[in-house]
There are 2 protein chains.
Amino acid sequence: MTIVQLKYAIAVAEHRNFTIAAEKCFVTQPTLSMQIQKLEGELEITIFDRSKKPIGMTEVGTKIIQQCKKIVSESEKMQDVVDKDRGVIGGNFKLGIVPTIMPTLLPIFLDELVSKYPMLKVSFFELPTFELIDKLKNNGLDLIIASTPLEDDELIEKPIYYEPFVAYLPEKNKNFGKKEIIPKDLYSNDLLLLRDGHCFRNSIENLCFDCHEYKGKFELKSGSFETLINLADQGLGITFLPYLHTLRLNSNQKKMLHSFKNPKPAREVSLVYHKNENKIHIINEIKDLLNKLTKRKLQFNDVNIISPIKNREAIRV
Amino acid sequence: MTIVQLKYAIAVAEHRNFTIAAEKCFVTQPTLSMQIQKLEGELEITIFDRSKKPIGMTEVGTKIIQQCKKIVSESEKMQDVVDKDRGVIGGNFKLGIVPTIMPTLLPIFLDELVSKYPMLKVSFFELPTFELIDKLKNNGLDLIIASTPLEDDELIEKPIYYEPFVAYLPEKNKNFGKKEIIPKDLYSNDLLLLRDGHCFRNSIENLCFDCHEYKGKFELKSGSFETLINLADQGLGITFLPYLHTLRLNSNQKKMLHSFKNPKPAREVSLVYHKNENKIHIINEIKDLLNKLTKRKLQFNDVNIISPIKNREAIRV
DNA sequence: TATATTTAATAGGAATAATTTATATTAATA
DNA sequence: TATTAATATAAATTATTCCTATTAAATATA
């Protein structure tokens with residue numbers, strides 16, 4: 001049994017196709033086929049059900065592949081041990097960030113990240129939460145930054161900041177000008193939300209809809225906050241912005257902002273990584289860096305964390 | 001990097017000698033040397049300090065070997081996955097038992113173990129606790145049965161029974177004939193104990209000496225309970241027996257037994273295995289078997305567990 | 001039904017890698 | 001300095017992996 005064989009098997013399990021798996025492993029299909037056969041022969045089991053199309057997994061096969069992943073994951077940590085010892089924060093690092101966090105967080109720490117760790121080649125991936133989680137679990141990402149809690153047993157979450165939601169109310173809204181608002185004030189408004197698949201939307205729905213029926217005339221799902229603000233400016237409804245987004249508005253727009261009364265509804269933004277702790281030394285560096293950089297900008301204590309998972313209760317911090 | 005290379009490295013780390021390590025791996029010394037060099041080359045570090053005699057480890061080397069052990073351990077679990085799926089309780093299984101438990105426990109379950117699992121080849125090792133732990137950590141054993149708690153982070157303990165200590169008092173002892181005794185009664189007696197290295201002795205010392213100075217005239221450390229009983233019979237002091245041992249005494253000897261008042265001082269006897277959970281399916285079978293077989297013989301609830309680790313407090317169950 | 005098309009398995013040979021035997025080097029010790 | 005013990009190196013052998021080419025089987029299409 002070799003580590004290479006295990007990688008081949010994982011590739012077949014993932015792509016359900018020997019030819020494609022072979023390509024991904026940079027070998028020819030016969031090579032991969034032979035090694036899979038050898039692995040199956042040595043273990044005296046069949047891992048893949050070749051009679052099905054696409055290729056299926058036997059019951060043992062599924063468990064075997066799980067174990068394969070463990071072994072490969074542990075073997076990949078070997079390089080981490082070396083890097084950690086050298087104190088070298090280097091190599092390739094794949095960081096996924098959800099779209100509603102990316103534009104505000106990246107400017108805060110990208111500069112310092114690249115200048116502090118010149119040996120580190122970071123690739124950024126902007127994807128919705130569920131895709132990030134998927135990639136994280138399949139070794140396609142080393143770390144993600146997303147709204148939490150995600151409630152996933154395979155993952156570890158390390159909160160870095162709590163970011164309150166701020167309501168953006170057009171002038172003619174009945175609550176406009178109020179010093180502090182509470183979620184209940186907004187129940188019967190038309191909501192302008194990001195389109196589905198963005199966890200930010202789930203959070204807002206948990207905030208406004210969870211225990212109350214939606215009472216507005218319509219809701220619109222857009223892809224960016226810019227659109228939502230423009231629509232709100234035209235009096236088509238209200239929207240919500242995460243706090244960091246409000247810092248980049250012009251002075252006119254800022255007049256529309258209405259912050260919530262304590263405990264402010266907020267989202268918890270966390271670093272999320274796999275339990276296998278691959279590249280943990282780099283993750284820790286990024287964590288320290290982010291904690292340092294966000295500490296100044298975000299000091300909210302009395303907040304209610306609105307879950308990005310549908311229909312979950314708020315957690316007070 | 002191959003699993004074979006990792007096994008070679010682990011062998012060198014263990015034996016601190018390339019030649020011996022090669023023998024243990026059933027290859028020639030140059031083979032092993034070359035593979036170690038390749039591994040070091042690929043990782044771009046040196047694992048072993050060849051300038052020292054015996055061979056030393058570099059700082060990274062130590063961490064690398066830890067990671068090697070993890071990978072190899074996970075890779076060995078592959079076969080477990082297969083065996084578990086087949087429902088086959090088979091293959092080689094190495095079970096270590098401390099000397100004070102071996103002679104009483106083995107007769108209880110050996111028969112049923114071998115007849116229930118004919119495919120399983122169990123090797124038994126009778127060794128003092130510290131050696132068992134050492135072997136368990138180095139994959140030299142799959143499971144041990146010992147007095148617990150051991151307080152070792154790498155190990156998992158599953159208690160199977162609580163075995164009270166019974167005092168063996170010669171006729172002329174001042175407490176002879178008492179219906180129930182308490183530890184304090186025995187503080188000023190001459191103690192006949194097993195020689196050092198046996199955890200049973202530590203337990204007794206925790207029971208009688210922990211907070212009190214030893215007041216007897218002498219103590220003798222023997223290798224077996226038989227000797228101790230004979231010496232006690234001759235009036236040379238008192239001794240203690242674990243409950244299961246008392247069942248095999250003749251009727252005359254049984255008259256000397258004095259059990260403790262509740263909560264009885266007792267030892268906790270547990271299955272102890274490594275956190276890596278190798279061969280866990282077999283371990284679980286043995287656990288179930290032992291629980292079933294000892295349930296009838298040992299039903300003591302109100303006991304104080306006397307630790308086999310020196311100078312630890314009792315734990316009431 | 002016959003014919004493409006897709007996909008995995010097989011065969012044979014080239015390239016690569018692991019292992020062995022034999023030998024050299026090195027370091028410690030008498 | 002000679003001797004011993006232990007690791008490294010060299011050359012040859014063996015084993016394994018991998019590739020190219022081909023076959024076989026299954027599926028889809030005409």
Side-chain angles (χ1 to χ4, degrees), chain A residues 1-62 64-65 68 71-72 75-76 78-79, chain B residues 1-58 60-62 64-65 68 71-72 75-76 78:
Chain A
M1 193 173 85
T2 68
I3 296 169
V4 171
Q5 285 173 346
L6 306 184
K7 286 181 180 169
Y8 291 171
I10 292 169
V12 174
E14 190 175 344
H15 298 100
R16 302 301 171 109
N17 177 306
F18 278 67
T19 313
I20 295 169
E23 273 171 32
K24 299 284 176 186
C25 295
F26 306 105
V27 291
T28 58
Q29 170 267 314
T31 300
L32 184 131
S33 275
M34 289 296 284
Q35 292 308 316
I36 298 286
Q37 281 178 44
K38 283 189 67 172
L39 180 63
E40 289 180 324
E42 189 178 334
L43 295 174
E44 296 182 300
I45 47 153
T46 54
I47 300 172
F48 301 107
D49 180 357
R50 283 109 164 142
S51 69
K52 289 207 177 66
K53 298 263 168 169
I55 281 172
M57 309 275 304
T58 63
E59 212 169 303
V60 221
T62 311
I64 289 288
I65 293 298
C68 286
I71 298 166
V72 170
S75 77
E76 281 173 351
M78 202 65 121
Q79 192 59 51
Chain B
M1 194 173 86
T2 69
I3 296 170
V4 172
Q5 286 173 346
L6 306 185
K7 285 181 179 168
Y8 292 170
I10 292 169
V12 174
E14 191 176 343
H15 299 100
R16 301 300 170 111
N17 177 307
F18 279 65
T19 314
I20 295 169
E23 274 170 31
K24 300 284 175 187
C25 295
F26 307 105
V27 291
T28 57
Q29 170 266 315
T31 301
L32 186 131
S33 274
M34 289 296 285
Q35 291 307 316
I36 299 285
Q37 280 178 43
K38 282 190 67 173
L39 180 63
E40 289 180 324
E42 189 178 333
L43 295 173
E44 295 183 298
I45 46 151
T46 54
I47 301 172
F48 301 107
D49 179 357
R50 283 111 164 140
S51 69
K52 289 208 178 66
K53 299 265 165 169
I55 281 173
M57 309 274 302
T58 62
V60 220
T62 312
I64 289 288
I65 293 298
C68 286
I71 298 167
V72 170
S75 77
E76 282 171 351
M78 203 66 123

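Sequence lines set the chain letters: A, B, ... in the order given, protein chains first and strands last, and positions in each chain run from 1.
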Let me know the distance between [atom1] of [X] and [atom2] of [N], rounded to the nearest Å.
{"X": "B:E23", "N": "C:dT19", "atom1": "CD", "atom2": "P", "answer": "16 Å"}
{"X": "A:Q35", "N": "D:dC19", "atom1": "CD", "atom2": "P", "answer": "10 Å"}
{"X": "A:Q37", "N": "D:dT17", "atom1": "CD", "atom2": "P", "answer": "13 Å"}
{"X": "A:K38", "N": "C:dA9", "atom1": "NZ", "atom2": "C1'", "answer": "16 Å"}
{"X": "B:L39", "N": "D:dA8", "atom1": "CG", "atom2": "C1'", "answer": "17 Å"}

Side-chain contact check for B:S33: nearest option of C:dA18, D:dT7, D:dC18 is D:dT7
The residue among A:I64, A:T62, A:D49, A:V12 that forms side chain to side chain contact (heavy atoms under 4.5 Å, CB included) with A:M57 is A:T62
Practice prompt. Apply the test side-chain contact (heavy atoms from CB on, under 4.5 Å) to residues B:C68 and A:M78: give CA-CA distance (whole Å), side-chain angles for both, the deciding distance (0.1 Å), then the verdict.
Written response: CA-CA 8 Å; B:C68 286; A:M78 202 65 121; 3.3 Å; yes
query: Think A:R50 has a side-chain N or O under 4.0 angstrom from the OP1 or OP2 of C:dT7?
result: no
A side-chain contact here means heavy atoms from C-beta on lying under 4.5 Å apart; do A:I65 and A:F48 qualify? yes
Using side-chain heavy atoms (C-beta onward) and a distance below 4.5 Å, is A:L39 in contact with A:Y8? no
Short side-chain to backbone donor-acceptor contact, [X] and [Y], under 3.5 Å:
{"X": "A:Q35", "Y": "A:T2", "result": "no"}
{"X": "B:T58", "Y": "B:I47", "result": "yes"}
{"X": "B:S33", "Y": "B:P30", "result": "no"}

Counting primed atoms, P, OP1 and OP2 as sugar-phosphate and everything else as base, the B/S/- map of nucleotides 20-30 of chain C against protein heavy atoms under 4.0 Å is BBB--------
* Exceeds 12 heavy-atom contacts within 6.0 angstrom, atom CE of A:M1 -> yes
Under a 4.0 Å heavy-atom cutoff, the residues of residues 5-21 of chain B touching DNA chain C are B:Y8
